[in-house]
Amino acid sequence: MPIYKDKERDTWFCKFNYKDWRDETKTKLKRGFRTKKEAQEWEREFLQVQQADMDMEFSKFVDVYFTDKAPRLKERTIETKRIMLDTRIIPYFGKLRMNAIKPADIMKWQNDMMDQDYKPTYLRMLQNQVTAVFNHAERFYGLKDNPCKKIDKMGKANARELNFWTKEEYDRFIQNFDEKEEMYRLMYQMLFWLGCRVGELLAICYGDINFKEKTVSITKTYYRRNKTDYITAPKTESSNRIVTMPDFLVEELKAYTDKMYELKAEERIFMVTDRAVQKKMKQKADKLNLKHIRVHDLRHSHIAFLIEKGTQPLIISKRVGHDSVTTTMNIYGHLYPDKQKQLADMLNAEATGEMQNNVVDMGAEVRFRKSGGW
């Protein structure tokens, strides 16, 4: 390896040629190493990253993974994935070589995570991050033995038990707002009656409201990180949707926006953060001795209410922006047991009615024949 001594600074440096991902030859110079061994190690790791050699450490390949994925993922998604990898995964696998990690290593990590009393959905999210890294290595960088393919996933994709308020609980909550809290009251009304996500709600601009058609267009989402506001595309492509509003909600929204001075089409209606919305909700719930739920659980409350009223899963799926009816049923299907019984009763009634009609028809035919008909 081309490692050199910098006599003036009494340090070491490396200078070498390499080929980048375009197969173009580049020259790399790096100074300031205390020892020759440090310089050699840095050069070796640099070349492994450039070539994505599967003998590289897991933590180094994670950097490759994010470099590849950055143009395809939202900044918020990258941040979320990074946190899980940095705090729950890299501390375990970080120094291990990619091609040396075995299914048994994955299983031991799973056992450690399951001992932490995390929720099943969080365990599945962690599992998905590990699987994504190894799948990327296998698909694009020639990892021959993917350990995640030989072991069962931990956790659950969707929580079986959902936390939500019934219509009666929500009514208790929403009836305890005064005039000074009009903005918050309206936000909770929209969250409960539209089933939108809080980020989608906070991104709604005046131009997204069509009072004549009684609809709101959901085409973006809002979040705040490090004291900076961000408006991005919604969670998924199917999250882009137009949601109809009940008449009373249209009237409340119209009355509220009419009070806002010369509101422009591109201006957000609710200039607060999701943290403020959650804080106010908790304060009210504590005062009324209501069970604690998250702001996001108002979305679950909306869907549970629609199910209780007999709304078809396809309609719910379109309204709340799920990728498919399958997603809706995977998350909320357990709220439908009574509907299955109603369906069976309906089919029984239909079948019984047809049998009775057939008996009547057969009796009429016999009487007709005896009378000399045909």
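Residues: numbered from 1 along the sequence shown.
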Short side-chain to backbone donor-acceptor contact, Arg97 and Ala100, under 3.5 Å: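 No; judged by distance alone, with no hydrogens or angles, the pair does not exist.
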Tyr332/His300 aromatic ring centres below 6.0 Å: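 Ring-ring flag for Tyr332/His300: true, centres closer than 6.0 Å.
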Validation row, ring centre Tyr65 to ring centre Phe58 under 6.0 Å: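 No, the ring centres sit 6.0 Å or more apart.
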Leu288 backbone acceptor or donor facing Arg172 side chain under 3.5 Å: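 Confirmed, Arg172 side chain pairs with Leu288 backbone.
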Working for side-chain contact (heavy atoms from CB on, under 4.5 Å), residues Ile209 and Ile204: CA-CA 8 Å; Ile209 307 298; Ile204 292 175; 3.8 Å; yes
Polar side chain donor-acceptor pair, Ser239 to Arg197, under 3.5 angstrom: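 Checked: Ser239/Arg197 side chains pair up, N/O donor to acceptor below 3.5 Å.
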Residue pairs, two or more places apart or on separate chains, that pass salt bridge (charged side-chain N to carboxylate O under 4.0 Å, His left out) and touch residues 204-214: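 Passing the test, one end in residues 204-214: Asp208-Lys220, Lys214-Asp247.
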Nearest non-hydrogen partners of Pro103 and Pro147, listed with the distance: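 Heavy atoms only, the tightest pair is N-CB, 3.7 Å.
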Spatial distance of atom CD1 (Ile3) from atom CH2 (Trp12) [nearest 0.5 Å]: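 Going from the CD1 atom of Ile3 to the CH2 atom of Trp12 covers 8.5 Å.
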Same apolar cluster: Ile174 and Phe305, side chain cutoff 4.5 Å: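 They do share one cluster, since a chain of ILVMFWY contacts under 4.5 Å joins Ile174 to Phe305.
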Met190 side chain reached by Leu249 side chain, heavy atoms, under 4.5 Å: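 Answer yes - side chains close enough.
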Heavy-atom side-chain proximity of Met114 to Met154 below 4.5 angstrom: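 Yes, close enough: below the 4.5 Å cut-off.
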Gap between atom NE2 of His296 and atom SG of Cys196 - 0.5 Å precision: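 Between Cys196 SG and His296 NE2, I get 11.0 Å after rounding to 0.5 Å.
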Within-4.5 Å side-chain heavy-atom neighbours: Tyr222 and Val198: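 Not touching, per the 4.5 Å side-chain cut-off.
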Evaluation steps, salt bridge (Lys or Arg N to Asp or Glu O under 4.0 Å), between Arg31 and Asp6: CA-CA 8 Å; Arg31 297 181 180 274; Asp6 188 335; 3.3 Å; yes
Contact check, side chains of Gln189 and Pro246, non-hydrogen atoms, under 4.5 Å: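 With C-beta onward as the side chain, the pair stays apart.
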From OH (Tyr141) to CG (Asp68), nearest 0.5 Å: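 Going from the OH atom of Tyr141 to the CG atom of Asp68 covers 3.5 Å.
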Test salt bridge (Lys or Arg N to Asp or Glu O under 4.0 Å) applied to Asp10 - qualifying residues, sequence neighbours left out: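 By the salt bridge (Lys or Arg N to Asp or Glu O under 4.0 Å) rule, Asp10 matches Lys5.
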Atom pair OG1 (Thr257) and CD1 (Ile269), whose distance is rounded to the nearest 0.5 Å: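 Atom-to-atom, Thr257:OG1 and Ile269:CD1 are 6.5 Å apart.
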Evaluation steps, salt bridge (Lys or Arg N to Asp or Glu O under 4.0 Å), between Glu252 and Arg185: CA-CA 10 Å; Glu252 290 181 21; Arg185 184 183 185 281; 3.2 Å; yes
Expected output: side-chain Asp178 to main-chain Glu181 donor-acceptor under 3.5 Å: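 Checked: pair present.
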Ser217 side-chain N/O to Ile242 backbone N/O, donor-acceptor pair under 3.5 Å: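 Answer holds: no.
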Short N-O contact, Lys102 and Asp105, less than 4.0 angstrom: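 The answer is no: the pair does not qualify as a salt bridge.
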Set of residues satisfying salt bridge (Lys or Arg N to Asp or Glu O under 4.0 Å) with respect to Glu38, sequence neighbours excluded: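 In terms of salt bridge (Lys or Arg N to Asp or Glu O under 4.0 Å), with neighbours along the sequence ignored, Glu38 is linked to Arg34.
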Worked verdict on Phe13 versus Lys30 for side-chain contact (heavy atoms from CB on, under 4.5 Å): CA-CA 6 Å; Phe13 68 93; Lys30 178 70 174 178; over 6 Å; no
Side chain proximity check, Arg319 to Thr244, heavy atoms < 4.5 angstrom: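 Yes - at least one pair of side-chain heavy atoms lies under 4.5 Å apart.
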Electrostatic pair Glu43:Lys28 at N-O distance under 4.0 angstrom: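 Between Lys28 and Glu43 there is no salt bridge, as every charged N stays at least 4.0 Å from the carboxylate O atoms.
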Under 3.5 Å side-chain donor-acceptor pair for Tyr223 and Asp274: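 The criterion, which ignores hydrogens and geometry beyond distance, is not satisfied for Asp274 and Tyr223.
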Test of ring centre spacing under 6.0 Å for Phe164 and Tyr170: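 That pair fails the under 6.0 Å test.
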Sidechain N-carboxylate O distance under 4.0 Å for Asp171, Lys167: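 Yes, Asp171 and Lys167 are salt-bridged.
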Shortest non-hydrogen contact between Ala203 and Ile231, atoms and distance: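 Between these two residues, the closest heavy atoms are CB-CD1, 4.2 Å.
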Within residues 114-133 or reaching into it, pairs that qualify as ring-ring contact (aromatic ring centres under 6.0 Å, His included) - sequence neighbours excluded: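 For residues 114-133, and leaving out neighbouring residues, the ring-ring contact (aromatic ring centres under 6.0 Å, His included) pairs sorted by first residue read Tyr118-Tyr122.
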Side-chain heavy atoms of Pro234 within contact of Asn240, under 4.5 Å: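 They are in side-chain contact.
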Flag side-chain contact, heavy atom, 4.5 Å: Met187 against Leu201: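 They are in contact (side-chain heavy atoms under 4.5 Å apart), so the answer is yes.
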Check against side-chain contact (heavy atoms from CB on, under 4.5 Å), Tyr18 and Thr27: CA-CA 6 Å; Tyr18 71 96; Thr27 299; over 6 Å; no
For Glu200 against Thr221, the heavy-atom pair lying closest together: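 What the structure gives for the nearest pair is N-OG1, 3.6 Å.
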Pairs satisfying salt bridge (charged side-chain N to carboxylate O under 4.0 Å, His left out), at least one member in residues 138-152, at least two apart: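 Only Glu138-Lys149, Asp145-Lys150 qualify under salt bridge (charged side-chain N to carboxylate O under 4.0 Å, His left out).
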Mutual orientation of the aromatic rings belonging to Phe248 and Trp193 [parallel < 30°, tilted 30-60°, perpendicular > 60°]: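 Taking Trp193 first and then Phe248, their aromatic rings stand perpendicular (interplane angle over 60°).
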Close side-chain approach of Gln40 and Thr35, heavy atoms under 4.5 Å: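 SC-SC contact between Gln40 and Thr35 ruled out.
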Ile83 with Val62, same ILVMFWY side-chain cluster at under 4.5 Å: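 No, Ile83 and Val62 fall in different hydrophobic clusters.
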Approximate separation, where rounding is to 0.5 Å, of Tyr92 OH and Leu126 CG: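 Tyr92 atom OH to Leu126 atom CG measures 13.5 Å (nearest 0.5 Å).
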Face-on cation placement of Lys254 at Phe211 ring, 6.0 Å and 45° thresholds: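 Here Lys254 passes the 6.0 Å and 45° test against Phe211.
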Any side-chain donor near an acceptor of the partner, Asp286 and His292, under 3.5 Å: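 Yes, His292 and Asp286 have a side-chain donor paired with an acceptor closer than 3.5 Å.
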Test log, rule side-chain contact (heavy atoms from CB on, under 4.5 Å), inputs Phe33 and Cys14: CA-CA 9 Å; Phe33 298 102; Cys14 55; 4.0 Å; yes
Straight-line distance of Asp63 CG to Ile90 CD1, nearest 0.5 Å: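 Between atom CG of Asp63 and atom CD1 of Ile90 there are 7.0 Å.
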Donor-acceptor side-chain pairing of Thr219 and Arg241 below 3.5 angstrom: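 Their side chains do not contain a donor-acceptor pair, so the 3.5 Å distance test is not met.
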Presence of salt bridge, Lys259 and Glu182, under 4.0 angstrom: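 Counted as a salt bridge, because a side-chain N and a carboxylate O are separated by less than 4.0 Å.
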In one Ile/Leu/Val/Met/Phe/Trp/Tyr side-chain cluster, 4.5 Å: Leu290, Val277: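 Linked, Leu290 and Val277 end up in one cluster.
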Qualifying residues under salt bridge (Lys or Arg N to Asp or Glu O under 4.0 Å), relative to Arg268, sequence neighbours excluded: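 With neighbours one apart ignored, the set is empty.
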Least distance between heavy atoms, Gln129 atom then Ile89 atom: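 So the two residues come closest at CB-CD1, 3.8 Å.
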Ring center gap for Trp165 and Phe173 short of 6.0 angstrom: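 Yes, the ring of Trp165 comes within the 6.0 Å limit of the ring of Phe173, centre to centre.
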Axial cation check for Tyr206 ring with Lys264, 6.0 Å and 45° limits: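 No, cation not above the ring by the 6.0 Å, 45° rule.
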